[in-house]
Structures are given as structure tokens and as C-alpha cells.
Amino acid sequence: MATFEVGADSRLFEVMESGRKTVYVLPATDEYQLICSGDRVEFGAVGAISVGFVRRYADLEALLEGESWANVRLDESSAEHTAKRIRQSISWDATAERSAGVLALRVRDTLRK
């Protein structure tokens, strides 16, 4: 089991902890190429998730269709708005998305620190 650090985002972690968000999305950068089921993703001092499975998609649109945008981002009204919001995030790596795709991590369990 490996551990990956993605930074502190207490609001995002709380949504996953409550079960309202079940898929965490990452660009498929070199850093996350080896992530797999059973690994742990830490959100700073807030908490961590256990990864249930990992699926790779060519881009955000394919991921949102395959995983359902409602499982990725609850506060949006459509897949198009969800993709736009994710890409506007300061931490999103558009170059990685274009060259390597994106990863969908199904949240298995959450653990608050």
C-alpha cells in the first residue's frame, strides 16, 4: 500500500467522508501513474481516503460520462459545468490531461486525522 499526498482541502474531504462524493479525479501525471486499489490519498492534516479502484480515461468528458458527473462534483448541474469547474481549479494540470488523460479514484473508505 502506497500513500499519496494531494494537499489539504477540508471541504472536499468532508464531502467524500459523508459519502456524497464517491469519485476523486486526478490528472494522470507521472506522480500518480502507479496509484492502485488499496492505496491511500492524504489531504494534509484533515484526513485520507482509501482507494477502491482506479480507472483511466482519455479526458474529463470521458471520465464524467463513465463515472457520472454527480459522483464527481455535487454542486454542478451538468457534466459540461463539472468539467469546466475542474479545469478552472488552480491545481489542475491541463497539460497532463492532454498528454496522459485523467484518473478516477473510487473512494472506498475515509479516515479523519
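Everything quoted here is computed from the prediction, not taken from an experiment.
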Quick test of your reading of the model: are Arg106 and Glu67 salt-bridged, counting only N-O distances below 4.0 Å?
yes
How close do Ala83 and Glu61 get, heavy atom to heavy atom, and via which atoms?
CB-OE2, 3.8 Å
Donor-acceptor pair, side chain of Asn71 and main chain of Thr22, under 3.5 angstrom
no
Could you give me the CA-CA distance, side-chain angles and deciding distance for Val107 and Lys21, then say whether side chain to side chain contact (heavy atoms under 4.5 Å, CB included) is met?
CA-CA 8 Å; Val107 178; Lys21 174 184 170 68; over 6 Å; no
Side-chain donor or acceptor of Glu97 paired with backbone N/O of Leu60 under 3.5 Å:
yes
Supply the atom-to-atom distance Leu26 CG to Glu31 CD, rounded to the nearest 0.5 angstrom.
8.5 Å
Measuring from His81:NE2 to Leu64:CG, what's the distance to the nearest 0.5 Å?
13.0 Å
Could you measure the distance from the CZ atom of Arg56 to the CG atom of Leu63? Nearest 0.5 Å is fine.
12.0 Å
Please determine whether side chain to side chain contact (heavy atoms under 4.5 Å, CB included) holds for the pair Ile86 and Ser89, giving the CA-CA distance in whole Å, both sets of side-chain angles, and the decisive distance to 0.1 Å.
CA-CA 5 Å; Ile86 291 171; Ser89 168; 5.6 Å; no
Working to the nearest 0.5 angstrom, can you tell me the gap between Thr82 OG1 and Lys84 NZ?
12.0 Å
Any link between Met16 and Tyr32 through a network of hydrophobic side chains (Ile, Leu, Val, Met, Phe, Trp, Tyr) touching at under 4.5 Å?
yes
Between CD1 on residue Ile49 and CG on residue Asp109, distance to nearest 0.5 Å
10.0 Å
Are Phe13 and Ile35 in one and the same hydrophobic cluster, where Ile, Leu, Val, Met, Phe, Trp and Tyr link if side-chain heavy atoms are under 4.5 Å apart?
yes
Are Val23 and Tyr57 connected in a single hydrophobic cluster, I mean Ile/Leu/Val/Met/Phe/Trp/Tyr linked by side-chain heavy atoms less than 4.5 Å apart?
yes
Check the pair Val51, Arg40 against side chain to side chain contact (heavy atoms under 4.5 Å, CB included), reporting the backbone distance first and the verdict last.
CA-CA 6 Å; Val51 177; Arg40 181 179 169 118; over 6 Å; no
Lys/Arg cation over aromatic Phe53: Arg55, 6.0 Å, 45° cone:
yes
Exam field: side chain Lys113 to backbone Phe43, donor-acceptor pair closer than 3.5 Å
no
Under a 4.5 Å side-chain heavy-atom rule over Ile, Leu, Val, Met, Phe, Trp and Tyr, are Tyr24 and Val46 clustered together?
yes
Distance-only, no hydrogens or angles: does the Ser37 side chain make a donor-acceptor pair with backbone N or O of Gly52 under 3.5 Å?
yes
Within a 6.0 Å radius of atom CD on Glu5, are there more than 12 heavy atoms belonging to other residues, nucleotides or ligands?
yes
Please determine whether residues Phe4 and Leu105 belong to a single hydrophobic cluster, defined as Ile, Leu, Val, Met, Phe, Trp and Tyr linked transitively by side-chain heavy-atom distances below 4.5 Å.
yes
Near Arg11 CZ, under 6.0 Å, is it more than 12 heavy atoms from other residues, nucleotides or ligands?
no
